[in-house]
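Read through the structure below, which is laid out as structure tokens, and then see the notes.
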Amino acid sequence: MKEIPGHWILNASFSPALLEQGLAATKSVIEEWYEKGVSEDEVQRAIQTLCGSYLVGLSTTGNVANQLLSFIQRGFEPEYIDEYPDQLRSVTSEQVNQAIRNYFDPKLNTLVVAGSLAETQTTEAAQQLQNMETIAVSLDAPDAG
């Protein structure tokens, strides 16, 4: 696969009452990836999701044109629009874990928090919700564009 410069973004939304718990869960997953890597099953599920999203995203001529432009701007030939899913399917967990070790040091991440943080709930119901709520974190790579 061709290596190109880029960036990685994780977006997550939490209610103000669950912000700290959500950030802690997210940090935990990121650190686990860095320390232990990801499994082949996780990689294959991510590939299926990415390929499916990519193909659905090509459902209009405007989206096809935008995707072609994105690839061409990054130095790919127009034919890459058809090759991209096959390239994704060829990625292994070993390659993903090597990329994580090479480029994904959690100590170098920047955390940005925005929203209605001053409006944290202090009611008894909000406290009960916070104590009962299970936080699940799902991370996904950015789209091909």
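- With rounding to the nearest 0.5 Å, the separation of CG in Leu68 from CD in Glu77 is 11.5 Å.
- Between the side chain of Ser53 and the backbone N or O of Leu50, no donor-acceptor pair lies under 3.5 Å.
- Taking Asp41 as the reference, Arg45 meet the salt bridge (charged side-chain N to carboxylate O under 4.0 Å, His left out) condition, with sequence neighbours excluded.
- Across all non-hydrogen atoms, the minimal contact from Cys51 to Pro85 is SG-O, 3.8 Å.
- For Glu94, the side-chain contact (heavy atoms from CB on, under 4.5 Å) partners two or more places apart in sequence, or in a different chain, are Thr92.
- Residues forming a side chain to side chain donor-acceptor pair (under 3.5 Å) with Ser28 (at least two apart in sequence, or on another chain): none.
- Residues that satisfy the side-chain contact (heavy atoms from CB on, under 4.5 Å) test with Val38, not counting sequence neighbours, are Trp33, Glu42, Val43, Val96, Asn97, Ile100.
- Between atom OG1 of residue Thr26 and atom CD of residue Gln21 there is a gap of 10.5 Å, rounded to the nearest 0.5 Å.
- Listed by chain and residue number, nothing satisfies the salt bridge (charged side-chain N to carboxylate O under 4.0 Å, His left out) test with Glu32 (two or more places apart in sequence, or in another chain).
- In this structure Tyr34 satisfies the ring-ring contact (aromatic ring centres under 6.0 Å, His included) test with no other residue, sequence neighbours excluded.
- Aromatic ring orientation, Tyr54 versus Tyr84: tilted (interplanar angle from 30° to 60°).
- With contacts defined as side-chain heavy-atom distances shorter than 4.5 Å, the pair Ile72/Tyr80 does not qualify.
- Checked against side-chain contact (heavy atoms from CB on, under 4.5 Å), Ala12 has the following partners two or more places apart in sequence or in another chain: Leu10, Phe14.
- Applying the salt bridge (Lys or Arg N to Asp or Glu O under 4.0 Å) test to pairs two or more places apart or on separate chains, those with a residue in residues 80-90 are Asp86-Arg89.
- Legend: residues meeting side chain to side chain donor-acceptor pair (under 3.5 Å) with Asn63, ordered by chain and number and at least two apart, are Thr60.
- Atom CG of Asn66 is separated from atom OG1 of Thr61 by 9.5 Å, given to the nearest 0.5 angstrom.
- Partners of Glu31 by side chain to side chain donor-acceptor pair (under 3.5 Å), not counting sequence neighbours: none found.
- Hydrophobic clustering (side-chain heavy atoms under 4.5 Å, transitive across Ile, Leu, Val, Met, Phe, Trp, Tyr) groups Leu111 together with Leu19.
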For this session: For side-chain contact (heavy atoms from CB on, under 4.5 Å), just list the numbers for Gln98 and Arg101, CA-CA rounded to whole Å, side-chain angles, deciding distance to a tenth of an Å, and then say yes or no.
Result: CA-CA 5 Å; Gln98 186 63 48; Arg101 284 188 295 278; 3.2 Å; yes
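- When hydrophobic clusters are built by joining Ile, Leu, Val, Met, Phe, Trp and Tyr residues whose side-chain heavy atoms come closer than 4.5 Å, directly or via intermediates, Leu58 is not grouped with Leu69.
- With sequence neighbours left out, Gln48 forms a side-chain contact (heavy atoms from CB on, under 4.5 Å) with no residue at all.
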